[in-house]
Amino acid sequence: MSKRLTRIIATNLISASLLALVPLSSAQAAEFTIRLGHLWPAVSGPHKNLIQPWADKIEAESGGRISIEVYPSGTLAKPPAQYDAVKNGIMDATATVQGYSANRFPLTQIVELPGVAKNAVNGSCILQSLLDEKLIAAEYEDTKPIFLYTHGPGLLHTKDKLIKVPADLSGLRIRRPTTVVAELLTELNAQPVGMPAPGSYPSMQRGVIDGVAFPWEAMASFRLNELANTHTEVGGLYTLSFIVTMNKNTYDALPADLQTVIDKNSGLAWAKKAGEVFDALDNVGKQQAIDAGHTIYTIDGGAENPAWKPLLDKASKTYIDALEANGLPAKQVYNRAKALAESCTS
């Protein structure tokens, strides 16, 4: 074999080896990159069991033409700014809490009222159905909603202070997620303190707050079981609405076949899947507290308990009446949500 031929073969082998180290050639590289930011830590269940699997499914079904870059822990935008960050194109998509944008999604947040949703699957079905039926669609004209969902039942978690009746909350500084939950806590004589979920741990650690309103899932996701050791389950106290949504221009820039991939992974099926994830994570968070030997107190009858019901009913009526006074069809949405709660059984 000539020296020249040997050099050619060696060069080709080296080139082939280098190409093997490159995962995607320029011809195979993603045509569209979507940056999705959310509020949960990268080690949390919502990130690992919902957001990342959704991103992976989009990438797989697009044949790698869409790449979803997921940024957890508010990396691209802090939780209160995430919806606007998507609206304004600072990031392409988000999974966030509507109520972090105060007074922006008032009809959506009706699902947060006491006694509306039974669990996360039920609440997610209610919320997505309200959107599909166009009862709350006007609140989302500035982005492209992918799916809406809720977490499971919200509870009360404190340190060394067991809550059995509303009077036990008197004067306690309780982290609240939204203004709707703030109204509930105010009626229950607590002092609601507004903050996104990630801020709860340092605030409770420093004594800025005495407790939190959270589902069991969040107690594990944000490590609050390390600080709170008494927990009160008031069935039907509240739930929280969430959205996965996309910048309109980002969606519109996709060719029709890739829009179809997004559309196939939108709507009720994924809303219910999100609910299933959050209901399962509630079990994880509760078991964590049980294993730690915490005190868990369950209110008999939940939100229907005679000691709790009048105060919770008053908070719901105040919220609905205020929306009606502003010309919003709150009673219609509330009544439909209650009806959907009975039909959203699976």
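Numbers here simply count residues along the sequence, with the first being 1.
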Review point. Mind checking whether Met219 and Ile290 sit in one hydrophobic cluster, side chains of I, L, V, M, F, W, Y counted as touching below 4.5 Å?
Key: yes
Check your understanding: Looking at Ala42 and Ser73, what are the two nearest heavy atoms and their distance?
Key -> N-OG, 4.0 Å
Check your understanding: Side chains of Asp142 and Lys248: closer than 4.5 Å at any heavy-atom pair?
Key -> no
Exercise for review: List the steps, then state whether side-chain hydrogen bond (donor to acceptor under 3.5 Å, both in side chains) holds for Thr108 with Gln98.
Suggested key: CA-CA 8 Å; Thr108 292; Gln98 290 96 316; 5.0 Å; no
Study note, to complete from the structure: On a heavy-atom basis, the closest approach of Pro215 and His157 is O-NE2, 4.2 Å
Exercise for review: Count the heavy atoms belonging to other residues, nucleotides or ligands that lie under 6.0 Å from NZ of Lys78, then report whether that count exceeds 12.
Suggested key: no
Check your understanding: If Ile, Leu, Val, Met, Phe, Trp and Tyr residues are connected whenever their side-chain heavy atoms lie under 4.5 Å apart, and connections chain through other members, are Val116 and Leu127 in the same group?
Key -> yes
Review point. Got Ile320 and Leu113 here, is their nearest side-chain heavy-atom distance under 4.5 Å?
Key: yes
Exercise for review: State, yes or no, whether a side-chain contact exists between Ile163 and Thr230 at a heavy-atom distance under 4.5 Å.
Suggested key: no
Practice item. Taking atom CG of Asp252 as the centre, report whether more than 12 heavy atoms of other residues, nucleotides or ligands fall under 6.0 Å from it. Key: yes
Point to revise | side-chain hydrogen bond (donor to acceptor under 3.5 Å, both in side chains) between Asp263 and Gln259, worked out | key: CA-CA 6 Å; Asp263 295 344; Gln259 288 182 351; over 6 Å; no
Point to revise | Value rounded to 0.5 Å, distance of OG1 in Thr94 from CE in Met246 | key: 11.5 Å
Review point. When you look at Ile209 and Met195, which way does the side chain to side chain contact (heavy atoms under 4.5 Å, CB included) test go after all the steps?
Key: CA-CA 10 Å; Ile209 55 176; Met195 68 181 66; 4.0 Å; yes
Practice item. Following the transitive rule for hydrophobic clusters with a side-chain heavy-atom cut-off under 4.5 Å over Ile, Leu, Val, Met, Phe, Trp and Tyr, establish whether Trp54 and Leu148 coincide in one cluster. Key: no
Review point. Would you say Ser200's side chain and Ala197's backbone share a donor-acceptor pair under 3.5 angstrom?
Key: yes
Review point. Checking Asn305 side chain against Asp300 main chain: does a donor-acceptor pair fall under 3.5 Å?
Key: yes
Exercise for review: Test side chain to side chain contact (heavy atoms under 4.5 Å, CB included) on Lys87 and Asp84 and set out the steps.
Suggested key: CA-CA 5 Å; Lys87 173 190 171 184; Asp84 273 335; 3.9 Å; yes
Exercise for review: Check the hydrophobic clustering (I, L, V, M, F, W, Y; side-chain heavy atoms under 4.5 Å; chains of links allowed) and say if Tyr100 and Val193 are grouped together.
Suggested key: yes
Study note, to complete from the structure: Heavy-atom nearest pair, Phe214 first then Arg175, reads CE2-NH1, 3.1 Å
Exercise for review: Could you check Asn88, Thr245, Thr96, Thr143 and say which one makes a side chain to side chain donor-acceptor pair (under 3.5 Å) with Tyr83?
Suggested key: Thr143
Check your understanding: Less than 6.0 Å separating the ring centroids of Phe242 and Trp40?
Key -> yes
Exercise for review: Without swapping roles, check the side chain of Gln128 against the backbone of Phe147 for a donor-acceptor pair under 3.5 Å.
Suggested key: no
Review point. Taking it one step at a time, do Asn265 and Ile146 satisfy side chain to side chain contact (heavy atoms under 4.5 Å, CB included)?
Key: CA-CA 8 Å; Asn265 290 283; Ile146 306 301; 5.9 Å; no
Exercise for review: Mark yes or no for whether Arg104, through its side chain, and Gly99, through its backbone, hold a donor-acceptor pair below 3.5 Å.
Suggested key: no
Check your understanding: Tell me, do Ser241 and Phe105 make a side-chain contact under 4.5 Å, heavy atoms counted?
Key -> no
Point to revise | Ring-face cation contact, Trp270 with Lys273, 6.0 Å cut, 45° max | key: yes
Check your understanding: Under 30°, 30 to 60°, or over 60°: which ring-plane class applies to His47 and His38, parallel, tilted or perpendicular?
Key -> tilted
Review point. Looking only at heavy atoms, what is the nearest atom pair of Ile51 and Ala95, with distance?
Key: CD1-CB, 3.6 Å
**Study point:** Heavy-atom donor-acceptor pair, Glu139 side chain to Leu107 backbone, under 3.5 Å
**Key:** yes
**Study point:** Side-chain donor/acceptor of Lys272 to backbone N/O of Cys125, under 3.5 Å
**Key:** no
Practice item. Report yes if some heavy atom in the side chain of Met91 is under 4.5 Å from a heavy atom in the side chain of Gln82; otherwise report no. Key: yes
Practice item. State, with a plain yes or no, whether a side-chain heavy atom of Pro153 is found less than 4.5 Å away from one of Asp282. Key: yes
Review point. Yes or no on side chain to side chain contact (heavy atoms under 4.5 Å, CB included) for Tyr319 and Ile110, after CA distance, side-chain angles and deciding distance?
Key: CA-CA 8 Å; Tyr319 184 76; Ile110 284 173; 3.9 Å; yes
Revision key, fill the gap. Closest non-hydrogen contact found for Ala85 with Ala77 is CB-CB, 3.8 Å
Check your understanding: Is it true that a side-chain atom of Asn247 and a backbone atom of Asn249 form a donor plus acceptor pair closer than 3.5 Å?
Key -> yes
Study note, to complete from the structure: Of Ile126, Leu240, Leu50, Thr239, the one forming a side chain to side chain contact (heavy atoms under 4.5 Å, CB included) with Tyr149 is Leu50
Check your understanding: With distance as the sole test, does Gln52 use its side chain to make a donor-acceptor pair with the main-chain N or O of Val70 at under 3.5 Å?
Key -> no
Practice item. Classify the side-chain pair Gln287/Asn283 by whether it contains a donor and acceptor separated by less than 3.5 Å. Key: no
Check your understanding: When clusters are formed by joining ILVMFWY residues with side-chain heavy atoms under 4.5 Å apart, either directly or through shared neighbours, do Leu155 and Leu162 land in the same one?
Key -> no
**Study point:** Min side-chain heavy-atom separation Ser62-Phe32 under 4.5 Å
**Key:** no
Point to revise | Electrostatic pair Glu69-Arg35, nearest N-O below 4.0 angstrom | key: no
Revision key, fill the gap. Closest non-hydrogen contact found for Ala341 with Asn122 is O-ND2, 2.9 Å
Review point. Taking Asp92 for the side chain and Leu36 for the main chain, is one N or O donor matched with an acceptor at less than 3.5 Å?
Key: no
Review point. Does the Ser124 side chain pair with the main chain of Val121, one donor and one acceptor, at a distance under 3.5 Å?
Key: no
Revision key, fill the gap. Contacts of Asp321 meeting salt bridge (charged side-chain N to carboxylate O under 4.0 Å, His left out) (sequence neighbours excluded), chain-then-number -> Lys317
Review point. Will you find, in the side chains of Glu183 and Thr318, an N or O donor that is under 3.5 Å from an N or O acceptor?
Key: no
Review point. Is it true that Glu226 and Lys159 have a side-chain N and a carboxylate O under 4.0 angstrom from each other?
Key: no
Point to revise | side-chain hydrogen bond (donor to acceptor under 3.5 Å, both in side chains) contacts in which one or both residues fall within residues 207-218, not counting sequence neighbours | key: Arg173-Asp210, Trp216-Glu233, Glu217-Ser221
Practice item. Find the distance between CZ (Arg65) and CG (Leu258) and round it off to the nearest 0.5 Å. Key: 4.0 Å
Exercise for review: Determine, stepwise, if the pair Tyr334 / Glu324 fulfils side-chain hydrogen bond (donor to acceptor under 3.5 Å, both in side chains).
Suggested key: CA-CA 11 Å; Tyr334 179 75; Glu324 287 282 336; over 6 Å; no
**Study point:** Any side-chain heavy-atom pair of Val277 and Pro46 under 4.5 Å
**Key:** no
Review point. What is the distance from atom CG of Leu237 to atom OG1 of Thr232, rounded to the nearest 0.5 Å?
Key: 10.0 Å
